[in-house]
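All remarks here apply to the structure that follows.
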Amino acid sequence: MFFALEEIMTRHTSTCQNRGVEETETNEIRARFAPSPTGHLHVGVARTAILNWLFVRHHKGKFILRVEDTDQARSSRESEMKIIEDLRQLGTDWDEGPDIGGQFGPYRQTERLDMYREVAETLLKKGAAYRCFLSQEEVDSRREQALASGESTILRSPYRDALEEVWQEKLAAGEVPTIRLKVPDYLEEVVFNDLIKGEIRFKAETIPEFVMLRANQTPSYNFAVSVDDALMKISHVIRGDDHLTNTPKQILVYRAMGVESPLFAHIPMILGADRSKLSKRHGSVSVGQFMEEGYLPQALVNFLSLLSWSSESKEEILSMDRLIDEIDLDRISSSAAIFDRSKLGWMNGQYIRGMDEEDFIRSALPFLKKAGRPADDSEITRKILLSIQSKIETLQQIDHHVSVFYDDDTTPDSDADAIAQTEESQRIYRAFVEEAGKVDLLDLKGFRSVMKNVQKKSGVKGKHLWMPIRVGLTGKTQGPDLPIIIETLGKEHCIKRVRRFIQQEIS
RNA sequence: GGCGCAUUCGUCUAGGGGUUAGGACGCCGCCCUCUCAAGGCGGUAACACGGGUUCAAAUCCCGUAUGCGCUACCA
């Protein structure tokens, strides 16, 4: 499970030098998703995962899941499990990962610590990195000074070109250095061609000589990422554009290792309604939360993939297969997108309405149960659910729309009450109670004949007859079709509900 | 402060030298209808600003403004 480092690096180096020849062999598309297990799966991060996954499946490559857990304080195994669960829920799968292993494992950074140390050591020997004995405090104060005097805040450590005696002495004295990357003296700029943003250039003096290995011997993010991507033979790095300025640092690590850089694609960020970074302040942000609120995985995936990407067909409701088929880095725009909840709602509604009966019932039942209603899959329950399928945007809204079937004593809306109080309505209600009392069974047929008689007695017809009845039966001016309500309520409940609106006659 | 990225209807976006600047969400109206939805039809609304280049600029170039990101021994 653990390759000799030199061997891996030589292999990489040689493939990159003999490109033409080895091309076919090393041409495999390999992309990765590398979350840090410090919480739930944020939709912005999920979007990155989805894009990577779609891209890989489109190109018939390999998708790698790697856990970046070097931040010991914030990482947890629970979080890792939750993230994996959410990824599965969204429909993504991976070919290599911490849970299933793979050729280039291990896939947790904390299990790769030896590799980072080895690479750091190698880079030290090659002169591509150096030991820095600056303390955290010294680094901070240098930065403050630079800021105050208006100079560049890019740190150039005094130990960068220190003589061997100097650092040997420090080492002997028991001081533990960090290992910093050396930006080569001859380097003028780092240029790369981002697959989405185009050509990006950084002047060498603006690239910090960042810490690769901390004093506690753990790798920093930029270092670990580069080492892992190189060793795992990642061909395409697709990630948020907040990493754009990290890229030159990482490119320098690849060069120091003598490894060819992967291709980069920096996708635009997802923002909240106020154009700031999408966070809890903007409402739900984790995939888990959206699932709990009754959003469908496929709708979320579809919606997320349409943020900054568009199908050439201009269609918007796209199945997983179509997304895989049509995904194209060239069609990803380069500006940030705002997370529009109302459009997500609409799209989720589209998916809900598009479900066949069985699918819908199966997905709806748990939410009915969660709402404390009898979730028994009986014929009547199915009818109730189906009657509101076109009214909801999320499964969670089932409870709200379904209450009319279960609650006899809801307090009427004010506009409903106003309708119930009219003299005409009162006439209708009295006639209804009287007529309904006469029939044995208030099923659909019974209801129709009762209403015919009510119409005759009250002299009211059309919507002036039906709306008061709706209000009398439900306490609301809107809701599911009346027939299904009658059918599920039955005679007793119908009479009971209407009766409570009848005022005592004063005379 | 430095560096980097971005800027087309309120939002997601198409279009990338010649278009009545297209679609979707939202919103408004109409139709359907016992109601609300759904569905159908229609309407509202945009090229940040200033300079160039060009016969012609939303589109190419340069500036400005604004927003965002990075600037840690966080990721």
Side-chain angles (χ1 to χ4, degrees), chain A residues 34-36 38 68-71 73-75 109 132 134-136 139-140 143 146-155 176-180 194 196-198 200-203 205-208 210-222 224-225 240-249 266 268-269 271 273 275-277 303 306-312 314-317 331 333-347 349-350 353 387-393 401 416 451 461-471 474 476-483:
Chain A
S36 45
T38 56
E68 310 215 325
D69 56 351
T70 53
D71 185 346
R74 295 194 299 148
S75 300
Q109 290 188 328
C132 175
L134 250 25
S135 69
Q136 179 77 259
V139 170
D140 290 346
R143 185 187 150 74
L147 220 41
S149 61
E151 285 163 37
S152 167
T153 56
I154 304 293
L155 174 76
V176 186
T178 60
I179 297 179
R180 286 183 183 273
D194 189 273
I196 291 168
K197 308 262 186 189
I200 311 280
R201 323 179 78 99
F202 292 89
K203 287 195 172 39
E205 62 266 29
T206 66
I207 304 172
F210 67 99
V211 168
M212 301 191 307
L213 205 66
R214 301 172 187 128
N216 69 4
Q217 304 305 296
T218 61
S220 68
Y221 165 75
N222 281 298
V225 166
D241 69 12
D242 47 341
H243 288 289
L244 203 58
T245 46
N246 283 327
T247 309
K249 302 178 202 169
H266 286 98
M269 311 241 66
L271 273 25
R275 299 211 142 265
S276 71
K277 203 168 175 175
F303 177 74
L306 243 30
L307 251 27
S308 71
W309 174 80
S310 61
S311 159
E312 199 168 7
K314 296 196 177 183
E315 287 172 52
E316 303 203 291
I317 303 295
R331 292 192 63 83
S333 81
S334 49
S335 52
I338 289 173
F339 191 84
D340 181 356
R341 280 158 205 282
S342 85
K343 185 152 184 176
L344 202 215
W346 166 79
M347 188 167 282
Q350 290 290 310
R353 274 166 250 133
S387 77
I388 61 160
Q389 185 173 3
S390 71
K391 295 183 193 302
I392 55 172
E393 285 195 334
H401 285 87
M451 286 306 287
K461 58 182 179 178
K463 53 180 67 177
H464 299 291
L465 171 66
W466 292 97
M467 185 47 89
I469 284 294
R470 167 175 292 284
V471 167
T474 69
K476 291 181 168 55
T477 55
Q478 35 159 290
D481 294 343
L482 241 18

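As a basis for the values below, the full set of heavy atoms in this structure was taken, side chains included, without hydrogen atoms, waters or symmetry mates. For clarity, every value in this text was computed on a predicted model and none was experimentally measured.
- Residue A:Pro177 is classed as having no contact, given no heavy-atom separation below 4.0 Å to the nucleic acid.
- Following rounding to the nearest Å, A:Trp346 (CH2) and B:A24 (P) show an atom-to-atom distance of 9 Å.
- The same atom, P, is picked in B:C49 and in B:G10; the two are 13 Å apart, to the nearest Å.
- Set against B:A24, B:C3, B:C36, the side chain of A:Asp481 has B:C36 as its closest nucleotide.
- If you take atom C1' in B:A65 and the same atom in B:G51, they sit 14 Å apart, rounded to whole Å.
- A:Thr206 contributes no side-chain N or O that, together with a main-chain N or O of A:Phe202, makes up a donor-acceptor pair within less than 3.5 Å.
- Pairing for B:C25 is with B:G10, a Watson-Crick or G-U wobble pair whose two hydrogen-bonding atom distances lie under 3.5 Å.
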TODO: If a protein heavy atom is under 4.0 Å from the base, mark B; if only from the sugar-phosphate, S; if neither, -; do that for nucleotides 5-14 of chain B going 5' to 3'.
DONE: SSS---BBSS
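- For A:Asp140 and A:Arg143, the salt-bridge test fails: no basic side-chain N is under 4.0 Å from an acidic carboxylate O.
- With both pairing distances under 3.5 Å, B:U35 is matched to nothing as a Watson-Crick or G-U wobble pair.
- Evaluation of atom-type donor-acceptor distances gives no pair under 3.5 Å for the side chain of A:Ser152 against the base of B:G2.
- Nearest to the side chain of A:Asn246, among B:A72, B:A24, B:A75, sits B:A75.
- Taking the C1' atom of each, B:C9 and B:G15 are spaced 15 Å apart, rounded to whole Å.
- Residues A:Ser310 and A:Arg331 bring a donor and an acceptor atom of their side chains to less than 3.5 Å of each other.
- As rounded to whole Å, 10 Å separates atom P of B:A72 from atom CG of A:Leu147.
- Proximity note for A:Val211 (side chain, C-beta onward) versus B:A75, B:C73, B:C3: the nearest is B:C73.
- Using a 4.0 Å heavy-atom cutoff across all strands shown, A:Arg180 reaches sugar-phosphate atoms only and no base atom.
- B:U64 is paired with B:A48 under the Watson-Crick or G-U wobble criterion, all donor-acceptor distances under 3.5 Å.
- Note on A:Glu393 versus A:Arg353: no salt bridge recorded, every NZ/NE/NH1/NH2 to OD/OE distance being 4.0 Å or above.
- Look at the P atom in both B:U8 and B:G40: the space between them is 29 Å, to the nearest Å.
- Spacing of P atoms, B:A46 relative to B:G22, comes out at 11 Å, to the nearest Å.
- Atom P of nucleotide B:G4 and atom CD of A:Glu205 are separated by 10 Å, given to the nearest angstrom.
- In a base pair of the Watson-Crick type (N1 to N3 plus N6-O4 or O6-N4) or a G-U wobble (N1-O2 and O6-N3), with each distance short of 3.5 Å, B:U53 is matched with no nucleotide.
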- [ ] For A:Arg180 and A:Thr178, run side chain to side chain contact (heavy atoms under 4.5 Å, CB included): C-alpha distance rounded to whole Å, both residues' side-chain angles, the deciding distance at 0.1 Å, then the answer.
- [x] CA-CA 6 Å; A:Arg180 286 183 183 273; A:Thr178 60; 4.2 Å; yes
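- Close to B:G39, at under 4.0 Å from its OP1 or OP2, lies a side-chain N or O of A:Gln350.
- In this structure a side-chain-to-backbone donor-acceptor pair under 3.5 Å is present from A:Gln217 to A:Ala215.
- Panel note: side chain A:Thr474, backbone A:Lys476; a donor-acceptor pair is recorded below 3.5 Å.
- Residue A:Thr218 is out of contact with every strand shown, counting any heavy-atom pair closer than 4.0 Å.
- Within the 4.0 angstrom heavy-atom criterion, base atoms lie near A:Gly479.
- Nearer to the 5' terminus of RNA chain B, by closest-nucleotide assignment, is the contact made by A:Met467 (compared with the other of A:Arg74 and A:Met467).
- The partner of B:C70 is B:G2, judged by Watson-Crick or G-U wobble contacts that both fall below 3.5 Å.
- Between the C1' atoms of B:C28 and B:C68, the separation comes to 34 Å (whole Å).
- Taking atom CD1 on A:Ile154 and atom P on B:C70, their separation rounds to 15 Å, with Å as the unit.
- No side-chain donor-acceptor contact under 3.5 Å links A:Ser334 and A:His266.
- Distances shown here put every side-chain N or O of A:Lys277 at or beyond 4.0 Å from the OP1 or OP2 atom of B:G69.
- Pair check for B:U19 finds none; no Watson-Crick or G-U wobble contact set falls under 3.5 Å.
- Both distances falling under 3.5 Å, in either a Watson-Crick or a G-U wobble arrangement, place B:C30 opposite B:G40.
- Here B:A37 presents its P atom at 16 Å from CG of A:Leu482, a figure rounded to the nearest Å.
- Across all strands shown, A:Phe303 has no heavy atoms under 4.0 Å from either base or sugar-phosphate atoms.
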Task: Derivation of the side chain to side chain contact (heavy atoms under 4.5 Å, CB included) call for A:Ser220 and A:Phe210 - done: CA-CA 9 Å; A:Ser220 68; A:Phe210 67 99; 4.0 Å; yes
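- Within the nucleic acid shown, A:Asp140 has no heavy atom closer than 4.0 Å to any nucleic acid atom.
- Taking only distance into account, the side chain of A:Ser36 never meets the base of B:A75 through a donor-acceptor pair shorter than 3.5 Å.
- Whole-Å rounding puts the A:Arg143 CZ to B:C3 P distance at 14 Å.
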Open item on the list: Show, in sequence, the C-alpha distance, side-chain angles and deciding distance for A:Trp466 and A:Arg470, and conclude whether the side chain to side chain contact (heavy atoms under 4.5 Å, CB included) test is met.
Closed with: CA-CA 6 Å; A:Trp466 292 97; A:Arg470 167 175 292 284; over 6 Å; no
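- Going from atom CZ of A:Arg470 over to atom C1' of B:U35 covers 4 Å, rounded to whole Å.
- Between A:Met269 and A:Gly462, the residue anchored closer to the 5' end of RNA chain B is A:Gly462, taking for each the nucleotide with the nearest heavy atom.
- Nucleotides B:G18 and B:C61 have their P atoms positioned 16 Å apart, rounded to a whole Å.
- Residue contacts for A:His401: at a heavy-atom cut-off of 4.0 Å it reaches no nucleic acid atom on any strand shown.
- In this structure, A:Ile179 reaches neither bases nor backbone, as no heavy-atom distance under 4.0 Å exists between it and the strands shown.
- Computed from coordinates, the A:Glu393 CD to B:A37 P distance equals 12 Å when rounded to whole Å.
- Without hydrogens or angle criteria, A:Asp69 side chain to A:Gln109 main chain gives a donor-acceptor distance under 3.5 Å.
- Spacing between B:C25 and B:A14 at atom C1', rounded to whole Å, works out to 15 Å.
- For A:Arg353, a side-chain nitrogen or oxygen approaches OP1 or OP2 of B:G39 to under 4.0 Å.
- Checking B:G4, B:A37, B:G26 against every side-chain atom of A:Thr245, the shortest atom distance belongs to B:G4.
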